[in-house]
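Side chains are part of it too, since the values below use all heavy atoms of this structure and drop only hydrogens, waters and symmetry mates.
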Amino acid sequence: MKKFMVLHLLTWIWLCGVAHSGRPASVNIGAVFSFDSIIGRAAKTAMEMAVSDVNEDPTVLMGTKLNLIMKDAMCNAFLGSIGAFQVLEKGVAAIIGPQSSAVAHTVSQIADALQVPLVSYAATDPTLSSLQFPFFIRTTQSDLAQMTAMADIIDFHGWKEVIVVFLDDDYGRNGLSALSDELEKRKLKISYKLPLSIKFDLDEITNLLNQSKVVGPRVYVVHVNPDPRLRIFLIAHKLQMMAKDYVWLVTDWLSATLDSLSPVNQTSFSVLQGVVGLRQHIPDSSKKRAFVSRWIKMQKEGLANTGLNSYGIYAYDTVWAVARAIDIFIKVHNNITFSLPDNYNLSHTVGIGILLDKLKIFAGGSDLVDILLQSNFTGVSGQLHFNSDRSIVSGGYDIINVNQMGISGVGFWSNNSGFSVVPPTALKKRKYNRFSQDQKLGKVIWPGGVTDRPRGWVIADNTKPLRIGVPKRASFVEFVTELPDSHQIQGYCIDVFKKALEFIPYEVPFVFKPFGNGKENPNYDALVKMVDENVYDAVVGDIAIVTNRTMIVDFSQPFASSSLVIVAPINKARSNAWVFLQPFTADMWCATAASFLVVGVVIWILEHRVNNDFRGPPKKQLLTMLMFSLSTLFKKNQEDTVSSLSKMVMIVWLFLLMVITASYTASLTSILTVEQLSSPITGIDSLIASNWPIGFQVGSFTYNYLTDNLYVSKSRLISLGSPEEYATALKKGPSGGGVAAIIDELPYVELFLSNETDFGIIGQPFARSSWGFAFQRESPLAFDMSTAILKLSENGDLRKIHEKWFCKMRCPEDRTSNSKPDQLHLISFWGLYLSCGIVSLVALALFLLRMIRQYARFKQRQKNVASSSPEPSGIHCSQVVVNFFNFIDEKEEAIKKMFTQCDNHQNPN
């Protein structure tokens, strides 16, 4: 038993020894980066700290020593490649770095060829995550995340255009491309790009910034390498570009610079006042606080020669991530092995000390990459794990603001929650909507010390005023023209523009640039095209808003309505023998005549029994019946009405007659004075269908509209340049070498007709449009000008300006083909006729009922008197009707006598 236990112990010791002897005694990793740089100095110290901490931790690598071999790339792709070859020659399991994206592109190809993972803590170029570089891993945030944050800042503050200052290398260009894509998603854009060479100097910066001062946008995004001399801002301050109305946004290079230069002198803060930048967000934790304290201590002891920035922290965590991955790799594979590739035949290379034939492929490089990408641990920078782009999952950014007192944080940004004033890690613990109203940042001090959000663009300044083209009209100069003597620009459109400027909340220096020779009206399409060609910044005048122009410029809100109309000759109406019949239509005349007859008959029936004027021979009664109602038109009737029912009918009839007479008088007066068209043209269709020549105004869009849209032959179109030419051509007519009609915009025609009485507008307006001011595409002034014009319309200033120019004597009025008043139709008076008819019928009905009652009483009394001789039963119905009408025909006094006689027979003495 004792021997067995000893044997078992020896076996266990042997197995442990075999297992321990299977692990390598040491593992080499390389680091290629620029030693003497803002990021490199912090990274070098941080990586040395990390290697020391890894080797002191028994739970990592389990006794295998981690060796770090560092080579200086000196920010050069060639030297970086040499450094990569030198560390690969040592058999490294991974390379950390480089920090430069440009160097990383070259070194990545070398690492891919030898299947060695390349883990960078500072190369942020998004294109390094492409499938072209499968062995490249990024332990910092990609510029995709940073440019998303930058685009959100621009969008959050409402700026539409920016100028980007960038380093013209892989880092700068690809970062610019990422920003452009993000801005495009938000319908924003980069207006101007200012590329800097890798070794830019002060003169280059000065020239670029001076060029940018002459353009409109004032929002600058600066994306360059860390610069301890802050040269861009020194020049910007010198050029007075760090003043009010300017906005300077920077990527995280500035925060890395300022953190490394700690403490920063006060001069740097004064140069950077108002700058807003990004800093990679590293959540607060006990590990972070301990690491920062340790760093500060090392600075005091002289062991660290730079301040700590975020890239130093990422470099520290990178070493730990590589060490943990190697530990897992060794546990699986027991060792790290290298092998020569097949058909490997390279000769020795001398001169730089690199033996290319000794470079070997890392047999387990792909496996180590997979292990690295599965990393998930808490480091000094927070939770470290990777996304599908082989970059660490973005932890967001701090939004920093530099003022004279130092650096202040104004908020945070993360891809999930957007902007907030609390850290992104705190928002993960509760539901937070990125698009909610909670999106906010703290108070920002902008360049110039202002706290109000800068507008972000300047239309013009006194040194470069806005170039405004104006048409130098030769006709209809009331709208816009240049005075020949004083060269002053004036007109209705100019007054509208100047008045609108008063409602724009900033100064707009401008200078008018007349377009045209003043002898004939200029071509308006050519004038608008010069805005698109950047000859003018805007065009002010009577510019019609039509489709082809809206495709190349932006128009303001319309300040005047317009449309095309047809002008043709007209004559005064000539009186004729039957003009008095024109006020009424035929049905109106018929209804009126019938009403006279009906009223006469009704009055005769109602008055015949009680009024001697309505009795007599049949000829006299017929004449009285016809003349009674007609005589009410002129004077009091000779015959007075006695019956109450007649008087009721007469009241309604006289009211009807009063309305009809007044309407007839007004219509006849208008007919005798109104203008009548003499042209056979009734509208645009009849004009096009004819072969007559058509006049149009020189320079207007009418010519293109008629030929392109209405397909009018060009040979039919005659250009006219002035109101005088309009009148002459219309008077000559087609047969005399003139035109049958002129097609022009309504405002011109109104002004023309205000001084002409022989012409008028035919038909209805067509091709409706408006007048507006033209600006370059996406010009911010177009929106502000539109708002100002709306205010002018609301407060009545537009109308006042119109009256000032066009209502000195009288305002122009439309003269249409329908200037002849419409005839009076029966439908307009049917209510009166109906009322009169109803009253007449009611009166007749009451009269008839009364007569029937009287007749029945009379017959009853006759029956009582002569009861012995009743009416024969065989009497015909027709005889009864005749007797009834004979009874009605009797005078009222006679009927009363008949009733009295019957009463006397019934009661003798």
Side-chain angles (χ1 to χ4, degrees), residues 141-166 175-176 178-192 216-223 244-255 272-281 394-403 407-428 430-458 505-506 778 780 783-784:
Q141 299 186 63
S142 167
D143 276 342
L144 281 178
Q146 180 165 218
M147 294 309 174
T148 301
M150 185 61 69
D152 277 350
I153 291 176
I154 296 168
D155 190 32
F156 179 81
H157 289 93
W159 299 312
K160 302 299 182 182
E161 300 180 23
V162 298
I163 299 174
V164 179
V165 181
F166 67 100
L176 171 70
L179 177 61
S180 178
D181 291 343
E182 291 299 324
L183 290 175
E184 187 175 351
K185 293 177 183 178
R186 296 158 178 79
K187 297 183 179 181
L188 314 176
K189 72 172 187 177
I190 298 174
S191 297
Y192 298 93
R218 289 293 183 264
V219 180
Y220 288 80
V221 178
V222 183
H223 184 54
K244 182 182 177 182
D245 292 332
Y246 282 88
V247 177
W248 290 89
L249 307 175
V250 296
T251 51
D252 65 347
W253 68 267
L254 181 62
S255 62
L272 295 170
Q273 183 185 25
V275 174
V276 174
L278 297 173
R279 173 193 282 148
Q280 299 195 57
H281 177 68
S394 174
Y397 287 85
D398 300 340
I399 314 297
I400 63 171
N401 179 214
V402 183
N403 52 60
I407 303 174
S408 61
V410 295
F412 304 90
W413 176 91
S414 73
N415 200 32
N416 295 323
S417 58
F419 295 111
S420 65
V421 292
V422 296
T425 51
L427 296 177
K428 290 182 180 179
R430 62 187 186 189
K431 293 183 179 180
Y432 189 86
N433 185 1
R434 175 183 171 84
F435 305 102
S436 69
Q437 296 180 351
D438 294 334
Q439 296 284 301
K440 57 184 177 180
L441 292 173
K443 181 179 179 181
V444 177
I445 297 178
W446 302 101
V450 298
T451 55
D452 293 334
R453 179 185 65 85
R455 194 168 59 249
W457 52 268
V458 175
Y506 48 87
E778 300 184 10
F783 176 81
D784 290 340

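- Separating the CZ atom in Phe156 from the NZ atom in Lys440 is a distance of 10.0 Å, to the nearest 0.5 Å.
- Closest heavy-atom contact between Gly442 and Val421: N-CG1, 4.0 Å.
- Using a 4.5 Å heavy-atom cutoff, the side chains of Asp398 and His281 are in contact.
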| task | Could you walk me through whether Tyr246 and Val458 pass the side chain to side chain contact (heavy atoms under 4.5 Å, CB included) test, one step at a time? | result | CA-CA 9 Å; Tyr246 282 88; Val458 175; over 6 Å; no
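- A salt bridge is absent between Asp155 and Lys187: the closest approach of a Lys/Arg side-chain nitrogen to an acidic carboxylate oxygen does not fall below 4.0 angstrom.
- Contact between Trp446 and Val276 at its shortest, heavy atoms only, is CZ3-CG2, 3.7 Å.
- Counting only heavy atoms from C-beta outward, the side chains of His223 and Met147 approach each other to under 4.5 Å.
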| said: Under the criterion side chain to side chain contact (heavy atoms under 4.5 Å, CB included), I'd like the reasoning laid out for Leu272 against Leu254: C-alpha separation, chi angles, the key distance, then a yes or no. | reply: CA-CA 10 Å; Leu272 295 170; Leu254 181 62; 4.2 Å; yes
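- Arg279 contributes atom CZ, which lies 5.5 Å from atom CD1 of Ile407 (distance to the nearest 0.5 angstrom).
- In terms of heavy-atom proximity, Glu182 sits nearest to Ala151 at CB-CB, 3.6 Å.
- Asn403 places a side-chain heavy atom less than 4.5 Å from the side chain of Ser408.
- With rounding to the nearest 0.5 Å, the separation of OG1 in Thr251 from CD in Gln146 is 4.5 Å.
- With contacts defined as side-chain heavy-atom distances shorter than 4.5 Å, the pair Phe783/Lys160 does not qualify.
- By the 4.5 Å heavy-atom criterion applied to side chains, Asp152 and Arg186 are counted as neighbours.
- Here the side chains of Trp413 and Asn415 are in contact, with some heavy-atom distance below 4.5 Å.
- The shortest non-hydrogen separation linking Arg453 to His157 is NH1-O, 2.8 Å.
- The shortest side-chain heavy-atom distance between Leu278 and Ile399 falls under the 4.5 Å cut-off.
- Closest approach of Pro217 to Glu161, counting heavy atoms only: CG-OE1, 3.5 Å.
- Between Trp159 and Leu188, every side-chain heavy-atom pair lies at or beyond the 4.5 Å cut-off.
- The distance from atom CG of Asp181 to atom OG1 of Thr148, rounded to the nearest 0.5 Å, is 9.5 Å.
- Looking at residues two or more places apart in sequence or on another chain, you find a side-chain contact (heavy atoms from CB on, under 4.5 Å) between Tyr506 and Arg455, Trp457, Ile459, Ile504, Val508, Leu781, Asp784.
- The side-chain hydrogen bond (donor to acceptor under 3.5 Å, both in side chains) test applied to Asp245 returns no partner, not counting sequence neighbours.
- The distance from atom OH of Tyr397 to atom CD of Gln280, rounded to the nearest 0.5 Å, is 4.5 Å.
- Remark: Leu176 CG to Ile190 CD1 distance equals 4.5 Å, nearest 0.5 Å.
- The two residues Phe419 and Ala149 make their nearest non-hydrogen contact at CZ-O, 4.3 Å.
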